[in-house]
Amino acid sequence: MKKGQVYEATVERIDFPNRGVITTGEGVVTVKNSLPGQKVRFSINKTRKGKAEGRLLEVLEKSPLETGHPCSHFGLCGGCLYLSLPYEEQLKIKEAQVKKLLDGALAAQAGVWKWEGIKGSPIEYEYRNKMEFSFGDEVKDGPLSLGMHRRDSYYDVVTVDDCRIVDEDYRLILKTMRDYFAKRGVRHYHRMRHEGYLRHLLVRKASGTGEILAALVTTSQLPADRQIREDEDLESGTLAGNEGSLESESRLLEGFLNALLELEHNGRLQGRFAGILHIVNDSQADVVQSDRSDVLYGRDYFYEELLGLRFKISVFSFFQTNSHSAEVLYETVREYVGDLGKQNAVVYDLYSGTGTIAQMMAAVAGKVIGVEIVEEAVEAARQNAAENGLDNCEFIAGDVLKVLDNIKERPDLIILDPPRDGIHPKALPKIIGYGVERLVYISCKPTSLVRDLEAFLAGGYVVERAVAVDQFPWTANVEVITKLRHNANKLE
């Protein structure tokens with residue numbers, strides 16, 4: 001196989017997260033974003049040691065598994081991969097992917113650990129409680145778009161106003177905001193030139209309470225006066241000059257706020273706004289972060305209810321993006337924890353976010369210590385625990401790598417829920433060094449999990465049980481819960 005060669009073949013399987021596997025007479029090729037059973041045309045991008053990576057050019061024949069899809073953006077947007085498959089087939093694929101990864105990582109303890117399959121989401125559509133929409137254009141110098149990046153594209157943004165993994169409130173807010181800013185000619189931030197105003201629109205909605213938090217993320221580059229004139233001025237062309245001003249931004253943001261509140265006041269939203277914010281971000285990185293945040297309406301947080309507890313969630317707080325499936329996830333974690341074995345057990349909840357797991361464990365532990373790097377999430381966790389009447393939870397703001405050196409109480413159990421990249425390699429020896437009998441590791445990226453398992457296995461741990469939980473229907477992502485025990489002779 002040579003770079004640039006074009007082939008036609010049928011996809012055999014798909015490895016995590018989105019790599020279709022094809023065997024040719026000249027070797028094995030992986031082709032991203034293809035589905036098992038599809039006949040595809042692809043070109044070779046890379047070759048190495050008999051293996052190659054291909055770029056999908058065209059789907060020549062659909063997979064026998066495909067039954068259609070409800071979204072007009074499917075295949076354009078980079079969000080969903082499995083939307084054309086029945087949900088049961090998607091679960092089978094994800095289960096097989098995780099099992100294959102774990103089988104490879106745990107080959108030395110084959111037959112000792114128990115694989116418990118996959119648990120599906122209680123709802124399949126309109127499940128997400130958070131979306132970060134990007135401003136951009138779908139084609140170079142085209143009209144303003146607001147939504148998700150086009151599949152395999154760094155620049156192009158698709159206005160996903162028909163997205164099926166969010167509910168109608170999200171779709172309505174997205175369309176209203178795109179129309180509002182497009183009508184006024186406001187420019188999006190160009191990531192190469194570092195010019196422009198509009199960056200992101202972040203929307204969060206609680207499944208339990210219906211409260212909505214919306215945040216417009218812009219640069220500090222002031223929009224020009226011409227961008228906020230009245231409709232008749234826009235149509236007649238009698239526009240002012242291009243010099244920006246604080247006054248022009250103020251009027252633009254006032255219009256933004258009123259356009260959102262009008263949706264609620266007219267009864268077009270199912271939920272209600274808890275807060276509307278303006279966030280300034282001048283970072284060159286394409287991430288949602290804050291140099292400055294201003295509350296335009298209400299407050300900078302909302303409340304969600306889960307497992308009989310109430311949680312205060314801010315713009316940047318980590319919280320599971322599927323509240324319905326999160327209950328399945330956390331109930332499974334509680335089952336994996338089992339009996340703590342002592343009345344005053346100390347539990348570490350590392351990478352604790354807004355403290356959901358910590359508060360769930362508070363009823364059975366003597367003390368729970370949560371560690372989280374996002375300070376506002378830690379403050380929210382403290383307030384959540386107080387509102388839920390839990391006085392045995394302590395939350396510490398800081399990097400797990402550094403904070404562990406300063407905690408006096410030694411843990412009896414450790415629960416890990418790290419970000420997608422897994423645990424910092426330098427933090428792993430510290431966690432293993434406690435020698436706790438049991439660990440529960442929750443992972444949103446199975447490849448990071450199997451990498452970290454190598455260190456745990458070398459440190460004397462074995463995997464006892466593992467299960468996948470589908471927190472992200474139709475996408476390539478899946479959650480995995482793993483229970484580890486320090487001594488193989490104590491396996492149940």
Side-chain angles (χ1 to χ4, degrees), residues 7-23 29-42 54-101 116-129 131 147-153 158-171 174 207 321-325 328-329 444 446 467-480:
Y7 293 83
E8 295 179 5
T10 299
V11 181
E12 300 167 11
R13 68 173 192 275
I14 183 167
D15 287 345
F16 183 86
N18 61 347
R19 298 178 181 277
V21 178
I22 297 172
T23 301
V29 186
T30 59
V31 180
K32 290 183 178 180
N33 300 317
S34 57
L35 296 174
Q38 285 182 338
K39 184 177 180 181
V40 297
R41 178 181 291 117
F42 59 94
R55 181 170 66 90
L56 180 64
L57 300 176
E58 183 183 2
V59 176
L60 300 173
E61 296 178 12
K62 290 184 178 181
S63 166
L65 301 175
E66 292 184 89
T67 56
H69 58 81
C71 179
S72 60
H73 313 298
F74 179 62
L76 298 175
C77 162
C80 294
L81 177 63
Y82 298 116
L83 197 59
S84 61
L85 302 180
Y87 187 56
E88 295 75 16
E89 293 297 333
Q90 173 196 160
L91 291 179
K92 291 177 184 177
I93 291 171
K94 290 185 177 182
E95 178 180 0
Q97 289 174 343
V98 176
K99 180 66 160 53
K100 182 174 182 287
L101 287 169
E116 297 179 336
I118 188 169
K119 298 183 178 183
S121 173
I123 64 171
E124 300 169 12
Y125 297 102
E126 300 187 346
Y127 61 86
R128 283 192 67 94
N129 58 35
M131 289 294 283
M148 307 296 291
H149 283 279
R150 182 185 288 271
R151 180 175 287 178
D152 295 328
S153 173
V158 180
T159 298
V160 289
D161 52 4
D162 190 34
C163 180
R164 298 290 107 184
I165 62 175
V166 295
D167 70 20
E168 182 59 25
D169 283 357
Y170 286 85
R171 295 190 286 267
L174 179 148
S207 300
T321 55
N322 181 345
S323 297
H324 304 275
S325 188
V328 176
L329 181 81
C444 59
V467 65
V469 179
D470 189 23
Q471 292 280 96
F472 321 99
W474 315 116
T475 76
N477 301 313
V478 65
E479 205 96 4
V480 186

Quick note, salt bridge (charged side-chain N to carboxylate O under 4.0 Å, His left out) partners involving residues 119-128, not counting sequence neighbours, are E126-R171
Test side-chain contact (heavy atoms from CB on, under 4.5 Å) applied to N33 and D152, step by step: CA-CA 9 Å; N33 300 317; D152 295 328; 3.4 Å; yes
**Study point:** Side chain Y127, main chain P473, donor-acceptor under 3.5 Å
**Key:** yes
Discussion item. In the structure I gave you, are the side-chain heavy atoms of V29 and Y7 within less than 4.5 Å of one another anywhere?
Written reply: no
Rounded to the nearest 0.5 angstrom, the CG-NZ distance for L56 and K32 is 12.0 Å
Taking every heavy atom of F42 against every heavy atom of G54, the minimum-distance pair comes out as CD1-CA, 4.4 Å
query = Would you say the side-chain atoms of Y87 pair up with the backbone N or O of S121, donor to acceptor, closer than 3.5 Å?
reply = yes
Practice task
Determine yes or no for a side-chain-to-main-chain donor-acceptor pair under 3.5 angstrom, with Q90 supplying the side chain and W474 the backbone.
Solution key: yes
Assess the residue pair F472 and N322 against the criterion (side-chain contact (heavy atoms from CB on, under 4.5 Å)); give the C-alpha distance rounded to whole Å, side-chain angles, the decisive distance to 0.1 Å, and a yes or no. CA-CA 7 Å; F472 321 99; N322 181 345; 6.0 Å; no
Nearest heavy-atom approach of V11 to I22 is CA-CG1, 3.8 Å
Go through it in stages, so that I can follow the logic: the residues are V478 and V98, the test is side-chain contact (heavy atoms from CB on, under 4.5 Å), and I'd like the CA-CA distance, side-chain angles, deciding distance and then a yes or no.
CA-CA 9 Å; V478 65; V98 176; 3.7 Å; yes
In this structure, CD of E66 is separated from CG of L35 (nearest 0.5 Å) by 5.0 Å
Residue pairs passing the salt bridge (charged side-chain N to carboxylate O under 4.0 Å, His left out) test with at least one member in residues 78-97, sequence neighbours excluded, are E89-K92, K94-D470
Any non-hydrogen side-chain atom of Y125 less than 4.5 Å from a side-chain atom of L83? yes
For G117 and V467 the tightest heavy-atom approach is O-CG2, 3.4 Å
- Under the side-chain contact (heavy atoms from CB on, under 4.5 Å) rule, what do N477 and C444 come out as? Steps first, then yes or no, please. CA-CA 7 Å; N477 301 313; C444 59; over 6 Å; no
In short, V158 meets H73 closest at the heavy-atom pair CG1-ND1, 4.1 Å
So CG of L174 and CE of M148: to nearest 0.5 Å the spacing works out to 10.0 Å
All heavy atoms of P122 vs all of H324, minimum pair found to be CG-O, 3.7 Å
d(L85 CG, H69 NE2) to nearest 0.5 Å is 11.0 Å
Taken to the nearest 0.5 Å, the spacing of S63 OG from I14 CD1 works out to 10.5 Å
CG (L60) and OG1 (T10) are apart, to the nearest 0.5 Å, by 9.0 Å
Check your understanding: Is R164 salt-bridged to D162, going by a charged N under 4.0 Å from an acidic O?
Key -> yes
In short, P17 meets A476 closest at the heavy-atom pair O-CB, 3.1 Å
